[in-house]
> 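Before anything else, here's the structure in question.
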Amino acid sequence: MATNNEIEGFGRVSRTIGTVFRYLLLAATLVGLVFVTILLVYVAKDAVQPLTADPAWHLTFFLTLVVPTLAAGAYAYRESVEALRTGVFSVGFVVVALMFSGGAAMIFVDIVEPLTWLAFLLALAVPTAVTAAVVSYDHRVPFAAQFLATVAAFYLSLFGIPGPLGSLAGVPTLVPSLFDFVAGLPLAPAPWLMMAGTLGPPVAYVGSQYVAGDRDRRAHVLTGAAVLALVLAGGALGPFAGVDPVPGVVVAAIGLAPPLVYTAGTAANRPTERTGLVVPATIVVGSLVGAAATDALGFAGPQSWVDWAFLTGSHSSTAAEAGFYPAIGGSILLMLTVAVLAFPVGIGAAVYLEEYAPDNRFTRIIDVNISNLAGVPSVVYGLLGLGLFVTYLNQPPGTVLLGGATLGLLILPIVIISAREAVRAVPEDMRAASYGMGATKWQTVKNVVLPRSFSGILTGTILALGRAIGETAPLIMIGAPNVKYSLPAGLSEAASAMPLQVYAWSSLYASDGFYEQAVPAGVVVLVAILLAMNSIAIVLRNKYQSTE
Amino acid sequence: MSGDSLADDLTRRTQNAPPELLSRTFFFVCAALSIATTIGLILLLTTEAAKFFTFSAPLVGVEGETATVVEFLTGTEWQPTGGEFGVLALVTATLMVMIGSSLIALPLGVGTAIYLSEYASPRVRSLLKPGLEILAGIPTVVYGFFAIIYITPMLRPFIPGLGTFNMLSACIVVGIMIIPMVASISEDAMSAVPESLRQAGYGMGATKFEVSTDIVVPSALSGIFSSFILALSRAIGETMAVTIAAGSTAQFLNPLNPATYTERALPMTAAMIKLIGGDVTGGGLAYRSVFAIGITLFVITLAMNVISDYVAQRYQEEY
């Protein structure tokens with residue numbers, strides 16, 4: 001700080017250094033971002049090959065899609081910024097929902113039979129209903145009895161009598177479980193009807209709540225019926241559009257219904273943002289018109305490597321025929337396993353540390369330990385998985401369960417840290433109010449803390465999953481196969497994963513063909529899925545930050 | 001941690017009711033699992049690495065080939081199939097990744113942090129922060145691929161004779177990867193500098209530049225240093241990018257000589273991937289050497305995390 005010699009130049013300050021400094025800082029901030037953006041554009045160009053398309057194809061789409069979309073955006077912006085935001089959000093919503101419905105369709109086509117799914121849902125739903133009935137029947141039923149009834153109901157429903165406990169002692173099955181009973185039914189409805197029956201009602205219920213809100217009963221029934229009809233139509237009309245009924249139902253329920261519900265809700269409930277819906281409408285109509293026009297006029301599109309054959313094919317030793325399907329499916333299964341294993345534990349630990357932990361030495365040790373675990377390199381977690389599960393517990397290497405457990409341990413510290421932040425953000429007044437009403441600690445956690453911090457926890461956990469989906473080193477260490485030609489049939493089978501496949505292509509099959517075709521295509525799919533996950537997390541965070 | 005005596009008083013009467021006990025036990029077990037993970041990790045690494053060294057192998061009942069600690073820590077040749085286990089060849093490569101990436105990440109990261117905390121308007125911040133998060137979220141395999149496919153060819157006009165695999169492009173991508181880490185932790189430290197210090201600076205007639213460089217940065221120095229150490233520990237543990245970009249030939253190079261960065265080398269993490277991902281089967285000395293490298297890596301990164309915590313707390317300015 002200039003202090004002593006300021007007399008002679010008093011009041012005159014050179015702004016040059018400050019301005020230069022400011023722009024240097026801005027440049028430093030942008031270097032990494034711009035550099036990676038350029039690399040992503042390069043890789044997208046290599047994967048999609050836009051220059052192989054007919055110039056007339058580009059021109060057609062420019063006229064039917066780009067110009068109208070920009071015009072629609074400008075129109076929405078002139079109405080209000082919120083309208084434009086709603087428009088852009090609904091476009092993103094459609095893209096993300098369609099991506100996730102594709103993943104879900106993959107699971108129901110290749111991994112889980114619809115009948116098994118139905119049996120599993122019923123086997124969970126019935127004991128849940130029994131529990132609810134026991135709890136609401138009489139509040140004076142002792143807790144131990146409630147707990148036993150719940151455990152017994154779930155055990156009977158999932159395992160039957162005597163179940164795994166009995167089979168250890170060699171007793172044959174006396175009463176089959178509800179799960180086995182339903183899964184073994186000789187007569188079952190068509191698979192797509194079962195899917196529609198399980199996916200349709202929940203989506204219809206949420207949709208009618210969202211759209212009809214506090215309107216009368218008739219509006220609720222109408223919207224619910226419309227959503228249900230859409231889901232059924234996915235299965236019934238799918239075959240005419242070349243889609244099998246089961247994926248048709250799944251895509252209609254998860255990919256199409258939520259964006260349509262959002263659109264309808266915006267149109268019905270938020271008149272100021274209604275204009276924003278011009279944007280998605282223009283994009284949908286524009287792409288259809290563009291596709292029809294290029295088709296009719298015979299303009300060739302780009303020779304993209306990210307095409308249907310790539311997304312649904314499996315690995316091949318020639319780059320042009322290599323596909324990504326087993327890797328995508330493997331990653332989806334791994335992520336589901338990670339979510340089931342890591343999230344309850346991570347959230348539980350966060351709640352313990354924030355709500356229960358006494359301020360003593362042991363708590364401080366856990367605290368330091370978690371932050372140190374977050375800094376352990378992922379390859380060392382791979383060693384843990386290899387040594388603990390494969391060598392000592394004799395698990396077969398590279399299975400979904402093993403990979404999920406290893407990645408789950410890897411992201412556990414991240415989940416705990418972000419969940420703690422969300423739990424800490426719940427205002428102390430709300431807890432005090434709950435205690436003041438006579439609530440116990442568990443009731444406060446269950447009714448106040450967890451619901452209030454839910455979206456924060458969700459954001460952190462989605463970001464943690466994003467970390468897990470890109471991890472490769474631990475999977476290599478536990479012996480996941482580099483090449484897999486089909487989806488794993490269950491959790492105890494070996495699975496590939498997207499980053500692993502990309503690594504295999506760029507190291508084991510290193511050749512110009514793979515470098516220019518298969519790897520860029522794989523990278524584009526992986527990064528697109530990651531960006532979708534990150535954008536969900538960011539939207540969620542913006543939403544809960546603005547409501548608080 | 002709720003040292004909240006009011007809540008404790010209000011819930012004392014019910015704290016031993018069965019639902020309370022059950023839920024509290026569940027939450028406690030979840031938290032204790034992290035301790036179990038650490039203990040499991042340390043036990044596993046030490047017992048497996050013990051099988052590798054001559055002095056400790058008899059203690060864990062392993063016979064057959066072993067390597068001496070001296071040979072492991074001072075040897076400069078790494079040829080697991082030829083029985084050469086000099087970890088220095090790997091450590092120097094890791095050191096190169098650390099030095100090279102920090103030359104990129106530390107200045108850019110601190111610059112980003114100052115910009116975000118002092119200069120950027122809330123609107124610009126709300127755009128840049130998610131951008132940086134995405135930078136940190138891109139899988140490291142993808143960065144490794146970028147290094148060999150785009151960055152090495154880009155560098156070739158300037159450095160003739162640059163091979164496909166080289167340390168330079170590996171260092172560049174690792175550097176870019178750790179910018180967000182330096183930036184976010186440093187920015188947290190800078191945002192924690194009280195507004196009154198800045199106001200005092202302006203009151204003395206300081207410009208924004210002077211306030212940033214002479215008040216905010218020195219006050220946040222402990223946080224900035226701890227971000228450096230954490231980022232370096234991340235660079236050391238970085239695996240896939242260096243495995244793909246740096247090649248798979250172990251060489252003993254001088255990390256302080258810039259010319260060696262055009263060579264290929266094998267950092268510790270890449271060596272582990274190469275051994276396990278290759279055709280080394282369980283049980284051999286080469287297989288056990290993975291755990292020896294693993295424990296070396298674990299100890300180094302753990303030490304750096306502890307130092308970073310210590311720096312952040314010991315030298316933190318109290319306001």
Side-chain angles (χ1 to χ4, degrees), chain A residues 1 13 17-18 21-22 25-26 28-29 31-33 35-36 39 42 143-144 345 348-349 351-353 355-357 359 363 366 369-370 372-373 375-380 383-384 387-388 409 431 435 440-442 466 470 472-473 476-477 499 502-503 506-507 515 519 523 526-527 530 534 538, chain B residues 1-3 7 10-11 14 18-20 23-24 26-28 30-31 33-35 37-38 40-41 44 48 108 111-112 114-115 119 128 130-131 134-135 137 139 141-142 145-146 149-150 176 179 206-210 214 233 237 239-240 244 269 272-273 276-277 291 294 297-298 301-302 305:
Chain A
M1 276 170 282
V13 179
I17 299 179
F21 184 67
R22 182 188 178 128
L25 291 180
L26 181 60
T29 312
V31 164
L33 284 174
F35 193 66
V36 170
L39 292 177
Y42 262 113
F143 177 75
V345 177
V351 169
Y352 178 78
L353 289 173
E355 303 291 325
Y356 288 91
D359 192 8
T363 307
I366 296 185
N369 179 47
I370 287 171
N372 282 327
L373 275 182
V376 172
S378 60
V379 68
V380 175
L383 272 187
L384 179 67
L388 190 65
L409 282 180
R431 289 191 191 91
Y435 292 133
T440 64
K441 212 139 197 175
W442 162 235
T472 325
I476 298 177
M477 298 305 281
V502 169
Y503 167 68
S506 60
S507 63
Y515 280 168
V519 180
V523 166
L526 177 57
V527 171
L530 254 176
N534 278 358
I538 289 169
Chain B
M1 277 158 273
S2 65
L10 284 173
T11 53
T14 53
E20 296 300 309
S23 55
R24 192 164 67 228
F26 170 75
F27 292 134
F28 177 75
C30 290
L33 195 72
S34 72
I35 299 275
T37 310
T38 311
L41 199 56
L44 183 89
E48 290 293 311
L108 291 181
T112 306
I114 300 177
Y115 185 77
Y119 285 89
L128 285 177
I134 286 168
L135 207 61
V141 194
V142 174
F145 174 70
F146 284 165
I149 293 298
Y150 302 121
I176 291 175
I179 289 176
T207 60
K208 188 144 194 164
F209 167 66
E210 287 162 338
D214 295 345
S233 115
T239 312
M240 292 322 291
I244 296 177
T269 48
M272 292 165 76
I273 292 289
I276 295 288
F291 288 90
L297 196 63
F298 178 71
T301 49
L302 186 68
N305 286 331

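Throughout, protein chains are lettered first and strands after them, A, B, ... in sequence-line order, and every chain is numbered starting at 1.
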> With chain A as the partner, which of B/Gly40, B/Gly237, B/Gly111 has the greatest number of non-hydrogen pairs under 4.5 Å?
B/Gly111
> Less than 4.5 Å to any heavy atom of chain B: does that hold for the side chain of A/Val380, its backbone, both, or neither?
both
> Treating B/Glu210 as the side-chain partner and B/Thr207 as the backbone partner, does any N or O pair qualify as donor plus acceptor under 3.5 Å?
yes
> With a 4.5 Å cut-off on side-chain heavy atoms, are A/Glu355 and A/Arg431 touching?
yes
> Check each atom of B/Leu135 against the heavy atoms of chain A and say whether the ones under 4.5 Å are side chain, backbone, both or neither.
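It is the side chain, since no backbone atom gets that close.
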> Please determine, among B/Leu297, B/Ile273, B/Thr269, the option with the most heavy-atom pairs under 4.5 Å with chain A.
B/Ile273
> With a 4.5 angstrom heavy-atom cut-off, which part of B/Tyr119 approaches chain A: side chain, backbone, both or neither?
both
> Answer with side chain, backbone, both or neither: which region of A/Ile370 has an atom nearer than 4.5 Å to a non-hydrogen atom of chain B?
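Only the side chain of A/Ile370 comes within 4.5 Å of chain B.
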> May I ask you to name which of A/Leu388, A/Val519, A/Val502 has the most heavy-atom pairs under 4.5 Å with chain B?
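If we count pairs closer than 4.5 Å to chain B, A/Val519 comes out on top.
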> Heavy-atom pairs under 4.5 Å with chain B - which of A/Gly470, A/Gly387, A/Gly466, A/Gly348 has more of them than the others?
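The option with the most such pairs is A/Gly348.
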> Quick one: what part of B/Met272 sits under 4.5 Å from any heavy atom of chain A, side chain, backbone, both or neither?
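Both backbone and side chain.
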> Against chain B, label A/Leu409 side chain, backbone, both or neither, depending on which of its atoms sit under 4.5 Å from a heavy atom there.
side chain
> Considering only heavy atoms, which portion of A/Ile476 lies under 4.5 Å from any heavy atom of chain B: side chain, backbone, both, or neither?
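For A/Ile476, the contact with chain B is made by backbone and side chain together.
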> Output the distance between atom CZ (B/Arg24) and atom OG1 (A/Thr440), rounded to the nearest 0.5 Å.
10.5 Å
> Is there a side-chain contact between A/Lys441 and A/Tyr435 in this structure, where contact means two heavy atoms from C-beta onward sitting under 4.5 Å apart?
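With C-beta onward as the side chain, the pair touches.
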> Against chain A, label B/Phe28 side chain, backbone, both or neither, depending on which of its atoms sit under 4.5 Å from a heavy atom there.
both
> Which residues pass the side-chain contact (heavy atoms from CB on, under 4.5 Å) test with A/Asn534, not counting sequence neighbours?
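Applying side-chain contact (heavy atoms from CB on, under 4.5 Å) to A/Asn534 gives A/Leu463, B/Ile134.
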> By a 4.5 Å heavy-atom criterion (distance strictly below it), what part of B/Leu44 contacts chain A: side chain, backbone, both, or neither?
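The answer is the side chain of B/Leu44.
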> Below 4.5 Å, heavy-atom pairs only: which of A/Ser378, A/Gly375, A/Gly18 has the largest tally toward chain B?
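Sorted descending by pairs with chain B, the first entry is A/Gly375.
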> Of all heavy-atom pairs between A/Leu383 and A/Met477, which one has the smallest distance, and what is that distance?
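Closest approach of A/Leu383 to A/Met477, heavy atoms only: CD2-CE, 3.6 Å.
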> Check the orientation of B/Phe27 and A/Tyr356. Use parallel for under 30°, tilted for 30 to 60°, and perpendicular for over 60°.
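B/Phe27 and A/Tyr356: tilted rings.
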> For A/Leu530, check side-chain contact (heavy atoms from CB on, under 4.5 Å) against everything at least two apart and list the hits.
A/Ile469, B/Pro139
> Look at A/Val379, A/Leu25, A/Val351 and state which one has the largest set of heavy-atom pairs under 4.5 Å with chain B.
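Winner by heavy-atom pair count: A/Leu25.
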> Which atoms of B/Thr239 come close to chain A, meaning under 4.5 Å heavy atom to heavy atom: side chain ones, backbone ones, both, or neither?
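Contact with chain A involves the side chain of B/Thr239 alone.
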> Side chain, backbone, both or neither: which part of A/Ile538 has a heavy atom under 4.5 Å from chain B?
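Answer is side chain: those atoms of A/Ile538 sit under 4.5 Å from chain B.
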> Check whether A/Phe21 gets within reach of chain B through its side chain, its backbone, both or neither, counting any heavy atom under 4.5 Å.
side chain
> Please report the interatomic distance CZ(B/Phe146) to CG(A/Leu39), rounded to the nearest 0.5 Å.
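So the gap between those two atoms works out to 5.0 Å.
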> Looking at every heavy atom in both B/Asn305 and B/Ser233, which two are closest together, and how far apart are they?
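So the two residues come closest at OD1-OG, 3.6 Å.
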> With a 4.5 angstrom heavy-atom cut-off, which part of B/Ile35 approaches chain A: side chain, backbone, both or neither?
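Contact with chain A: backbone and side chain both.
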> Nearest 0.5 Å please: distance from the OH atom of B/Tyr150 over to the CZ atom of B/Phe145.
5.0 Å
> Could you tell me whether the side chain of A/Thr363 reaches within less than 4.5 Å of the side chain of A/Leu353, counting heavy atoms only?
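The answer is yes, as the side chains (C-beta and beyond) meet within the 4.5 Å cut-off.
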> If we define contacts as heavy-atom pairs under 4.5 Å, which of B/Phe298, B/Phe291, B/Phe26 has the most with chain A?
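With the most close heavy-atom pairs to chain A, the winner is B/Phe291.
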> Determine the option with the most heavy-atom pairs under 4.5 angstrom with chain A, choosing from B/Ile149, B/Leu33, B/Ile179.
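The residue among B/Ile149, B/Leu33, B/Ile179 with the greatest pair count is B/Ile149.
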> Please rank B/Leu41, B/Val142, B/Thr301 by heavy-atom pairs under 4.5 Å with chain A and give me the top one.
B/Leu41
> Checking A/Leu526 against chain B: side chain, backbone, both or neither under 4.5 Å from a heavy atom?
side chain
> Quick check: do B/Thr38 and A/Leu373 have side-chain heavy atoms less than 4.5 Å from each other?
yes
